[in-house]
**Q** 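Submitted below is the structure of interest, expressed as structure tokens.
One-based numbering along the sequence shown.
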Amino acid sequence: METTAADLAPFKSLVAQRCGLRFDRTTEPSLASALAKRMEVTRAAALSAYYARLLGDESEFQEFVTHLTVNETYFFREPSQLALLTDVLLPRLLAGRDGGEPIRIFSAGCSSGEEPYSIAMAVREKFGAGIHGQVSIVAADIDRCALARARQAEYGEFSFRALSPDLRARYFSPRGAHRSVLDAAVRDVVEFRQFNLLTPHYPSGLSGFDIVFFRNVSIYFDADTRRAVLQRLHAVMNDGASLVLGASETLANDLGVFELREASGGFYFAKSAAANGHMPLARPSPEAKPPAPTRTVPSPRRSPARPQPVAEAPAVTAPGWSATMEAVRRLLRDKQHEQALALIGSLAPEDDIRPRLLESHVRLQMRQFSEAAGLARQVLLFNNWSAEAHMLIGLACKWQGDVENAVRAFRILVYSKPDCWPAHYYLAALCRDDEASARRGFATALRQIDAHPDPDGGLELPLDLPVADIRFLCERRSAAASSMTRVASHGA
């Protein structure tokens, strides 16, 4: 069936209005495919006839919706977020409760059930079988076909690609050659409900939540719809409750409804302003401006902590920022650090953070680590998610031996710019006691280098990293980490 943009327009509007799904030119083919399938099943003679049926037949609309999203999920997806649940969020809640109502966890947009069942298994693994009396798990999705599969709890091999063999053997029983069914002990602790997240008022049974997982769902929504859903979730969460989103979705949902927080290298949102010992990541105000540039260079005869003004800075005018970057790059290659600082100082306007970042980079090359980190942190006062600033802080901390803060900076960078291969490389190199994480990090960096071998890692800094050498190291170290993991496994 051939369809035009005009043919699809009323269906796009109806789906957006009822369930928030948005379709652009890249996703319109999936809408057209769903229309063709359902029109064939219902024997609708024309698009107009099928549209009329969707308006008056809620059951058919639900069948139609099941064909519009990709229910790609699997057990223990993004395990770091499950660790955030079991190591940080749940212990905090358990410590603050003395009996009474159970802690309520909501899996919003649960699809075929892998997420809520993963939550149930992770909680059971951490706290024992008795924890299910203190924790309740509710899962909801608009797709009733996906919910039927979730309640059946029978899965094929695709769902197990991130689940360890030990956990699979512990919680699943084989059913046929290629499928497995979840044990009732875990299956029975999750309550499934069909529900549309865009419903203006959630029913009483969907309220009082302490932790909400809303992962890999908002990718289908535009900003206004995401904000509307976040506001509805906010209304059914207890004060101090936590909202966990997919790693790639976190920044896209920092819309002012919740407060973004960081704990143990993981990011989540909180309903209340209570810090609970975790760091809030506040957004700068739109009127904020970066501090005035220092425009100073340390004298080689004095301590770097006591900078001297540069009286002889030349009045250099570059045709643009790219030209300035290249000029600084050439000066750094020739080890002309003082000249690079003079050039930056002559061009630094008070309302531009880029010269400050460039100065921080130059001071890193001069091994003035504290000054470099201080400049980068000043940038964070203006833009808390500056990828360049977090890279500079991470490098400064790494070279000073401050592994904890280096790891934190690189993790924030991975969240804000997941395709930055140097961040993955440096994180992997710092995983000294976690071979599995090191292997994954080096492998990720290698894939990204192969896709985009940019010596600056996609950042607006003249990093000039030796791509070929780092690629070789990633190959060697990922292979070595994999070998060590196999040896450890056999030894156990």
**Q** Taking the side chain as C-beta and beyond, is there a heavy-atom pair between Ile393 and Asn405 under 4.5 Å?
**A**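 Of all side-chain heavy-atom pairs linking Asn405 with Ile393, none is under 4.5 Å.
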**Q** Does the pair Arg408/Glu404 count as a salt bridge with the N-to-O cut at 4.0 Å?
**A**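 Salt bridge between Arg408 and Glu404, a charged N being under 4.0 Å from a carboxylate O: no.
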**Q** Does a side-chain heavy-atom distance below 4.5 Å link Asp87 with Lys126?
**A**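 Sidechains of Lys126 and Asp87: in contact.
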**Q** Is it the case that Arg161 places NZ or CZ above or below the six-membered ring of Phe158, under 6.0 angstrom from the centre and within 45 degrees of the axis?
**A**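 Yes, cation above the ring, under 6.0 Å and within 45°.
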**Q** Would you call Glu115 and Arg215 a salt bridge, using N to O less than 4.0 angstrom?
**A**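 A salt bridge links Glu115 with Arg215.
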**Q** When rounded to the nearest 0.5 angstrom, what is the spacing between CZ in Arg232 and OH in Tyr202?
**A**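 Spacing of CZ (Arg232) from OH (Tyr202) equals 6.5 Å.
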**Q** Is it true that Arg227 and Asp224 make a salt bridge, defined as a side-chain N closer than 4.0 Å to a carboxylate O?
**A**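 The answer is yes: the pair qualifies as a salt bridge.
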**Q** In the structure I gave you, are the side-chain heavy atoms of Phe442 and Tyr425 within less than 4.5 Å of one another anywhere?
**A**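 Touching, per the 4.5 Å side-chain cut-off.
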**Q** So, Tyr426 side chain and Ala406 main chain: donor-acceptor pair closer than 3.5 Å or not?
**A**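 Checking the backbone N and O of Ala406 against the side chain of Tyr426, no donor-acceptor pair under 3.5 Å is found.
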**Q** So, the side chain of Arg97 versus the backbone of Pro102: is there a donor-acceptor pair under 3.5 Å, distance only?
**A**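 Checking the backbone N and O of Pro102 against the side chain of Arg97, a donor-acceptor pair under 3.5 Å is found.
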**Q** Is a side-chain N or O of Asp456 found less than 3.5 angstrom from the main chain of Gly458, in a donor-acceptor match?
**A**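 Not a single qualifying donor-acceptor pair exists.
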**Q** Do Trp421 and Leu446 have side chains that approach each other closer than 4.5 Å (heavy atoms only, starting at C-beta)?
**A**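 No; the side chains remain at least 4.5 Å from each other.
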**Q** Are the side chains of Leu206 and Arg193 in touch, meaning some heavy atoms are under 4.5 Å apart?
**A**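 Yes - at least one pair of side-chain heavy atoms lies under 4.5 Å apart.
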**Q** To the nearest 0.5 Å, tell me how far Leu381 CG sits from Ser386 OG.
**A**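 Taking CG in Leu381 and OG in Ser386, the distance rounds to 11.5 Å.
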**Q** Can you check whether Leu182's main-chain N or O pairs, donor with acceptor, with Arg187's side chain at less than 3.5 Å?
**A**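 Looks like yes, one N/O pair under 3.5 Å.
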**Q** As a quick check of understanding, evaluate salt bridge (charged side-chain N to carboxylate O under 4.0 Å, His left out) for Arg170 and Asp183, giving each step before the final call.
**A** CA-CA 9 Å; Arg170 192 173 304 149; Asp183 292 350; over 6 Å; no
**Q** Check whether any side-chain N or O of His424 sits under 3.5 Å from a backbone N or O of Phe410 as a donor-acceptor pair, and report yes or no.
**A**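 It does not hold such a pair.
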**Q** Between Phe11 and Leu47, does the side-chain contact (heavy atoms from CB on, under 4.5 Å) criterion hold? Intermediate values first, please.
**A** CA-CA 9 Å; Phe11 296 95; Leu47 285 168; 4.0 Å; yes
**Q** Rounded to the nearest 0.5 Å, what separation is found between the CD1 atom of Ile137 and the CD1 atom of Ile119?
**A**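 These two atoms lie 6.0 Å from each other.
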**Q** I'd like to know if the side chain of Thr444 and the backbone of Arg440 have a donor-acceptor N/O pair within less than 3.5 Å.
**A**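 At least one qualifying donor-acceptor pair exists.
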**Q** Tell me whether the centres of the aromatic rings in Phe192 and Tyr117 are closer together than 6.0 Å.
**A**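 Yes, close enough.
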**Q** Tell me, do Glu60 and Leu54 make a side-chain contact under 4.5 Å, heavy atoms counted?
**A**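 When only atoms from C-beta onward are counted, Leu54 and Glu60 do touch, with a gap below 4.5 Å.
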**Q** Would you check if the side chain of Asp402 reaches a backbone N or O of Cys397 as a donor-acceptor pair within less than 3.5 Å?
**A**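 No.
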**Q** What is the distance from atom SG of Cys110 to atom CG of Leu147, rounded to the nearest 0.5 Å?
**A**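 So the gap between those two atoms works out to 5.0 Å.
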**Q** Indicate yes or no: does Arg168 engage Glu157 in a salt bridge with an N to O separation below 4.0 Å.
**A**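 Looking at Glu157 together with Arg168, the answer is yes, because their closest N to O distance falls below 4.0 Å.
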**Q** Measuring only between side-chain heavy atoms, which start at C-beta, is Leu243 closer than 4.5 Å to Met237?
**A**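 Result yes, sub-4.5 Å side-chain heavy-atom pair found.
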**Q** Considering residues, nucleotides and ligands other than Gln194, do more than 12 of their heavy atoms fall under 6.0 Å from its CD?
**A**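 Yes, CD of Gln194 has more than 12 neighbouring heavy atoms, counting only those of other groups under 6.0 Å.
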**Q** When you measure from the centre of the six-membered ring of Tyr268, is the NZ or CZ of Arg261 under 6.0 Å away and within 45° of the axis?
**A**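 No - Arg261 does not lie over the ring of Tyr268 by the 6.0 Å and 45° rule.
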**Q** Is the backbone N or O of Leu459 less than 3.5 Å from a side-chain atom of Glu388, with the two atoms forming a donor-acceptor pair by type?
**A**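 No, the answer is negative, given that no donor and acceptor are paired below the 3.5 Å cut-off.
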**Q** Does the ring center of Phe172 lie less than 6.0 Å from the ring center of Phe75?
**A**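 Ring centroids of Phe172 and Phe75 are less than 6.0 Å from each other.
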**Q** Answer whether the closest heavy-atom distance between the side chains of Phe64 and Arg53 falls below 4.5 Å.
**A**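 Result no, sub-4.5 Å side-chain heavy-atom pair not found.
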**Q** Would you compute the distance between atom CG of Leu255 and atom CD of Gln231 and round it to the nearest 0.5 angstrom?
**A**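 Output value for this atom pair is 9.0 Å.
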**Q** Does Glu460 CD have over 12 foreign heavy atoms under 6.0 Å away?
**A**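 Atom CD in Glu460 is not packed in, count stays at 12 or less.
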